[in-house]
There are 2 protein chains.
Amino acid sequence: MGRSKTDGGAGVRERILAAACELFAEQGYDATSVQQVVDRAGVTKGGLYHYFGAKEDLLVEMYRAIFSERLTALDAILAEGRDPEWTLRAIIEDIVVGTAAMRQESAAVSRELATMDSGRTQRLQADWRRYQEAVRGLIRQAQQDGVFSPVASPEVVSWSIFGVTNSLHTWFRPDGPKPAETIARELADFVLAGLKTPS
Amino acid sequence: MGRSKTDGGAGVRERILAAACELFAEQGYDATSVQQVVDRAGVTKGGLYHYFGAKEDLLVEMYRAIFSERLTALDAILAEGRDPEWTLRAIIEDIVVGTAAMRQESAAVSRELATMDSGRTQRLQADWRRYQEAVRGLIRQAQQDGVFSPVASPEVVSWSIFGVTNSLHTWFRPDGPKPAETIARELADFVLAGLKTPS
DNA sequence: CTGTCAATACCGACCAGTCGGTATGTTGAA
DNA sequence: TTCAACATACCGACTGGTCGGTATTGACAG
């Protein structure tokens with residue numbers, strides 16, 4: 001359904017999204033024209049506006065793709081009910097590996113995050129705040145319990161973590177010497193070393 | 001010189017730059033039209049193009065304003081010739097406080113950093129790489145000397161630091177409860193705690 | 001102090017081209 | 001015939017940038 005006999009095997013909608021993702025990541029959202037998107041996707045503007053109501057919907061779709069995955073992963077990790085050290089490590093490794101796996105989407109979205117608040121994205125932004133608040137709450141509680149050192153506030157620690165992932169697309173290369181899993185482990189080691197209580 | 005008797009006391013060129021800075025930070029570079037800039041600055045397009053050769057020059061100017069300050073500060077810190085712990089702390093505190101003091105410029109520029117590589121900015125980007133390489137080299141040397149723990153690679157540590165400052169504009173509020181100096185000290189404490197060798 | 005003359009600073013109308021979006025047409029399957 | 005799935009042609013708004021013109025200033029001569 002929805003497949004013509006001449007397309008490359010992928011649905012038209014998916015091709016459009018993939019093309020938009022590449023172009024937004026390369027040039028930015030505003031600098032990319034709808035015409036460029038349809039050219040790369042091998043369709044026409046009529047086709048794009050058949051599947052998407054507006055150019056912005058392409059961005060919203062990428063936004064959702066990124067955060068829905070991270071949020072379900074977060075819930076799964078929290079549901080384990082393990083100790084703070086294990087939990088924070090799992091969150092960091094998931095967000096690094098998950099973000100690295102969607103470099104282009106995250107590059108496209110992270111740049112426009114500040115601008116996007118057009119009603120359509122408020123639900124998604126609320127989810128994102130919930131994610132950050134969960135991390136901060138975890139750190140805060142563990143510091144109160146004496147499990148983590150109070151060397152820095154939960155805000156600064158969480159900003160360190162999310163700052164890395166927000167700018168991950170600028171320095172991570174999938175064909176580089178270090179796979180995402182290694183970087184994820186290093187970052188988790190580093191953060192947890194900073195939070196370790198002197199014994 | 002260059003001042004009419006009706007302006008607010010600031011030079012026209014500075015007013016244009018300030019207006020562009022605000023608008024780029026709010027809406028992004030591409031989403032901001034030259035017309036919006038001149039409207040907010042209280043001049044006309046002819047006036048803007050009298051002082052700037054192209055719209056892009058406004059961005060380049062902000063780029064330079066940010067990095068020239070950071071680079072001279074870096075050189076001054078390195079010239080002290082102190083131990084790695086003191087040096088890294090000084091660098092972190094300078095970059096946090098300095099970036100916070102130029103929130104809007106850094107918001108405007110950081111978003112477009114990936115796209116800007118039009119010859120005009122190559123010199124500036126080379127300087128920026130030099131900055132990062134200085135930090136990484138400092139960490140690498142200290143780790144080899146056993147002063148810093150090898151818990152994470154110099155790359156990951158430096159990305160943690162620069163990731164925070166690159167996304168600082170999204171969460172730092174100058175009228176918030178925490179002044180930039182406090183955040184700077186917390187971040188330095190946190191990073192150095194992670195790098196401390198177990199004694 | 002006054003008159004002259006460039007140079008600088010700035011204005012506002014105006015391009016040619018591009019933008020996101022739409023209205024209408026065509027095609028093949030059911 | 002009917003409907004989804006696209007293609008094509010096109011629109012009005014707006015874009016970055018240009019250009020001829022003018023108001024203001026400073027230097028210098030007398």
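To find a chain, count down the sequence lines: A is the first, B the second, and so on, and within it residues start at 1.
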For this session: Please check if atom CZ in B:Arg173 has more than 12 non-hydrogen atoms from other residues, nucleotides or ligands closer than 6.0 Å.
Result: yes
Exercise. For atom NZ of B:Lys196, is the number of surrounding heavy atoms from other residues, nucleotides or ligands below 6.0 Å larger than 12?
Worked result: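 Count not over threshold, so no.
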Problem set entry | Between B:Lys178 and A:Ser153, a side-chain donor and acceptor under 3.5 Å |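 Distance-only check passes for B:Lys178 and A:Ser153.
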Exercise. Does a salt bridge link B:Arg136 with B:Glu133, judged by any charged N lying under 4.0 Å from a carboxylate O?
Worked result: yes
For this session: Could you tell me whether A:Arg64 and A:Glu105 have a side-chain N and a carboxylate O separated by less than 4.0 Å?
Result: no
Can you measure [X] atom [atom1] to [N] atom [atom2] for me and round it to whole angstrom units?
X       : N      : atom1 : atom2 : answer
B:Glu14 : C:dA9  : CD    : C1'   : 14 Å
B:Leu48 : D:dT15 : CG    : P     : 14 Å
B:Phe52 : D:dG17 : CZ    : C1'   : 15 Å
B:Gln36 : D:dG16 : CD    : C1'   : 13 Å

Exercise. Is a donor on one side and an acceptor on the other found under 3.5 Å between the side chain of A:Trp128 and the backbone of A:Leu124?
Worked result: no
Exercise. Of the nucleotides D:dC6, C:dC11, C:dA9, which has the atom closest to the B:His50 side chain?
Worked result: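 For B:His50, the side-chain atoms sit closest to C:dA9.
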Exercise. For the residue pair A:Phe190 and B:Trp159, is the inter-centroid distance of their aromatic rings smaller than 6.0 Å?
Worked result: no
For this session: Give DNA chain D the dot-bracket treatment, 5' to 3': Watson-Crick (N1-N3 with N6-O4 or O6-N4) or G-U (N1-O2, O6-N3) under 3.5 Å, [ ] crossing, | other strand.
Result: ||||||||||||||||||||||||||||||
Scan the side chains in residues 76-84 of chain B for donor-acceptor partners under 3.5 Å anywhere in the protein, sequence neighbours excluded, and list what turns up.
unit_1: B:Asp83; atom_1: OD2; unit_2: B:Glu85; atom_2: N; d: 3.3
unit_1: B:Asp83; atom_1: OD2; unit_2: B:Trp86; atom_2: N; d: 3.2

Exercise. B:Phe52: what forms a ring-ring contact (aromatic ring centres under 6.0 Å, His included) with it, not counting sequence neighbours?
Worked result: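 Counting only residues at least two positions away or on another chain, B:Phe52 forms no ring-ring contact (aromatic ring centres under 6.0 Å, His included).
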Problem set entry | Residues forming a ring-ring contact (aromatic ring centres under 6.0 Å, His included) with A:Phe24, sequence neighbours excluded |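 Partners of A:Phe24 under the ring-ring contact (aromatic ring centres under 6.0 Å, His included) test: A:Tyr29.
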Exercise. In residues 16-26 of chain B, which residues come under 4.0 Å of DNA chain D by heavy atom?
Worked result: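 By residue number: none to list.
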For this session: Measure the shortest side-chain to side-chain distance between A:Ser110 and A:His169 over non-hydrogen atoms and say whether it is less than 4.5 angstrom.
Result: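 In short, these two side chains touch, coming nearer than 4.5 Å.
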Nucleotide N/O to protein N/O under 3.5 Å, stretch nucleotides 20-25 of chain C:
unit_1: C:dG20; atom_1: OP1; unit_2: A:Thr32; atom_2: O; d: 3.3
unit_1: C:dG20; atom_1: OP1; unit_2: A:Lys55; atom_2: NZ; d: 2.7
unit_1: C:dG20; atom_1: OP2; unit_2: A:Val34; atom_2: N; d: 2.8
unit_1: C:dG20; atom_1: N7; unit_2: A:Lys45; atom_2: NZ; d: 3.1
unit_1: C:dG21; atom_1: OP2; unit_2: A:Tyr49; atom_2: OH; d: 2.7
unit_1: C:dG21; atom_1: OP2; unit_2: A:Lys55; atom_2: N; d: 3.0
unit_1: C:dG21; atom_1: N7; unit_2: A:Lys45; atom_2: NZ; d: 3.2
unit_1: C:dG21; atom_1: O6; unit_2: A:Lys45; atom_2: NZ; d: 2.4

